[in-house]
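Computed from heavy atoms alone, side chains included, the values below leave out hydrogens, waters and symmetry copies.
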Amino acid sequence: MDNLNSLLDGFAAILTPGNLLIALLGVTIGTAVGMLPGLGTAMAIALLLPITYGMEPTQAFIMFGGIFYGGMYGGSTTAILLNTPGQSSSVVTVLEGFKMARNGRGGQALATAAIGSFIAGTIATIALVFVTPITVQFAIGLGAPEYFAIMVLALVATASVLGSSRIRGFASLLTGLVIGTIGIDAVTGQQRLTYGVPELASGIDIVIVAVGAFAVGEALWTAARRRNGADEIIPVGRVWMGRSDWRRSWGPWLRGSALGFPFGAVPAGGAEVPTFLSYVTERRLSKHKQEFGNGAIEGVAGPEAANNASAAGTLVPMLALGLPCNATAAVMLAAFQTYGIQPGPLLFEKESALVWTLIAGLFVGNAMLLVLNMPLIPLWVKLLRIPKPYLFAGILFFATMGAYATSGQSFELLVLLALGLIGLAMRRFGIPMLPMIVGVILGPMAERQARMALQLSGGEASGLLGGPVAWTVYGIIALIALWPLVALVRRRLTRDRTGDRDMVAA
């Protein structure tokens, strides 16, 4: 009941003209950046971080939450109409959505994506209300060793799961840990990796890292591989659903919601895995299997619901434990830090009004998105006609202004350019961006927890082991680290058995 009363207080705070306007602005920006391939909500929030410095924290996070949810909505539009997912989480939507558009059913595909996103977002946000306080109660009993183990798990899982190979994932993580080390050691007072440059003594602002890696790096990468000609945009038609479409969509919406939320709440779970699982599930359960591959509406409804449910799941570890599970959550965590707020178990006690207003804002923003997306999709599609040179020139302008605004020093622009070049190189060689961002944020936090644990144990390494929670987490880390070796041994044993059978048969 206390949680419900707090949520009602959050609704009372969000339902004011000023906050409603900010929520509307957030979902509008989120939908726009979600529709434009290559941008993404992480880039949008990173660009807006310097601009929101003068705002109240509550208003800033209402906007960021709206952008987060809006990006999930917008990504499906380009997936369906252009065969190009606006967000990585909309990749699976391409499989059936574009075929539906080709068959003249683009309106139905967009409608089931929008309504499914609304239903899944609402269900997952309700789950967020009840799950997050339980997670907080669990986290309150954890000490420094347990927090260190959980942070190491987040780092290892993020680096292991993302990217085309573990080597690339850990290369990205190592880059982030190095960047996070730059500055003055809080314990010894010595400068680390500053090379005598005074401007680096205070470290590199996470805002600069996020803007450089996402915005500048993406702009340079797009310019480097720009091709001539415009994309073909399929006409939308009327956005509506018939009785058969409703009957075939409601099951995938509910199943997608059930799959998306838990995957979003685990480190490196993201939206890609549950959307794929949702697609496979719907393909097996559907009574219209022959339509899959040719435009089955279940193949759009389920993945889009899983996509949006995972967004709410991502906020559970970020708010309760201070652990980001995707790039957008990592940038939002950086935003909390810029306001001097540390997400974690004490967040609900120290910043209760902010948290519950943010959650209430997610409900309101989700409803706004349904209103924006259903009747206005033909208008949104016109954004896709913006020439890419103009679009990314504007992004570079705002990135430069935002970086300069963080400290007012021109040196920050050189750092921004260097990070942009690093981002370009990472995209060129297929190195994932998220492990680097997570490394920059969690690296110093993990170091601080490790030092606290060692101080409590008098410098004994056994102090890092902690209790049962830490042992369990270390066991999971060992499983993640050894799984490739286990898989290799299994493949060899299988190959040997197959060879033995062939010899016996011969």
Side-chain angles (χ1 to χ4, degrees), residues 69 72-77 79-80 85 87 89-131 237-266 269-314 362-363 366-367 369-371 373-374 377:
Y69 270 27
M72 296 297 179
Y73 270 74
S76 62
T77 303
I80 293 169
Q87 303 277 312
S89 52
S90 299
V91 169
V92 178
T93 306
V94 169
L95 300 177
E96 303 298 331
F98 186 66
K99 296 290 178 57
M100 288 185 68
R102 281 289 189 191
N103 295 336
R105 286 171 51 80
Q108 288 87 338
L110 291 167
T112 192
I115 297 172
S117 296
F118 169 75
I119 292 174
T122 302
I123 293 174
T125 308
I126 293 172
L128 174 68
V129 171
F130 292 100
V131 172
R238 191 156 63 97
V239 180
W240 66 284
M241 291 176 63
R243 183 176 300 176
S244 174
D245 296 325
W246 281 96
R247 188 171 57 252
R248 293 175 58 179
S249 294
W250 71 266
W253 289 338
L254 297 179
R255 287 188 289 269
S257 303
L259 282 170
F261 183 80
F263 270 95
V266 300
E272 291 79 6
V273 174
T275 52
F276 176 75
L277 290 177
S278 175
Y279 179 79
V280 172
T281 301
E282 299 310 322
R283 187 164 187 162
R284 289 182 177 178
L285 297 178
S286 176
K287 297 178 181 179
H288 306 85
K289 292 183 173 61
Q290 71 282 359
E291 292 187 20
F292 276 83
N294 299 305
I297 194 169
E298 296 93 336
V300 177
E304 279 302 306
N307 171 9
N308 284 267
S310 69
T314 299
L362 296 177
F363 282 104
N366 204 35
L369 281 165
L370 184 64
V371 176
N373 278 269
M374 289 295 287
I377 282 178

Problem set entry | Test log, rule side-chain contact (heavy atoms from CB on, under 4.5 Å), inputs I297 and R105 | CA-CA 9 Å; I297 194 169; R105 286 171 51 80; 4.2 Å; yes

Spacing of [X] atom [atom1] and [Y] atom [atom2] [to the nearest 0.5 Å]:
X	Y	atom1	atom2	result
N294	E96	CG	CD	7.5 Å
E291	E298	CD	CD	7.0 Å
N308	I119	CG	CD1	11.0 Å
I126	L362	CD1	CG	12.0 Å
I123	F118	CD1	CZ	10.0 Å

Between [X] (side chain only) and [Y] (backbone N and O only), is there a donor and an acceptor less than 3.5 Å apart?
X	Y	answer
S310	N307	yes
N103	M100	no
E304	S117	no

Looking at every non-hydrogen atom in both residues, tell me the closest pair between [X] and [Y] and how far apart they are.
X	Y	value
G256	A309	O-CB, 4.3 Å
A305	A120	O-CB, 3.1 Å
A312	Y69	CB-OH, 3.2 Å

Taking only residues two or more places apart in sequence, or in another chain, which ones meet [X] in a side chain to side chain contact (heavy atoms under 4.5 Å, CB included)?
X	result
R243	R247
V129	L7, W356, I359, F363
V371	none
S278	L259, E282, P303, A306

Qualifying residues under side-chain hydrogen bond (donor to acceptor under 3.5 Å, both in side chains), relative to [X], sequence neighbours excluded:
X	answer
S257	none
T112	S249, W253
T122	N366

Problem set entry | Verdict with reasoning, T93 to T275, per side-chain contact (heavy atoms from CB on, under 4.5 Å) | CA-CA 8 Å; T93 306; T275 52; over 6 Å; no

Problem set entry | Residues forming a ring-ring contact (aromatic ring centres under 6.0 Å, His included) with Y279, sequence neighbours excluded | F292

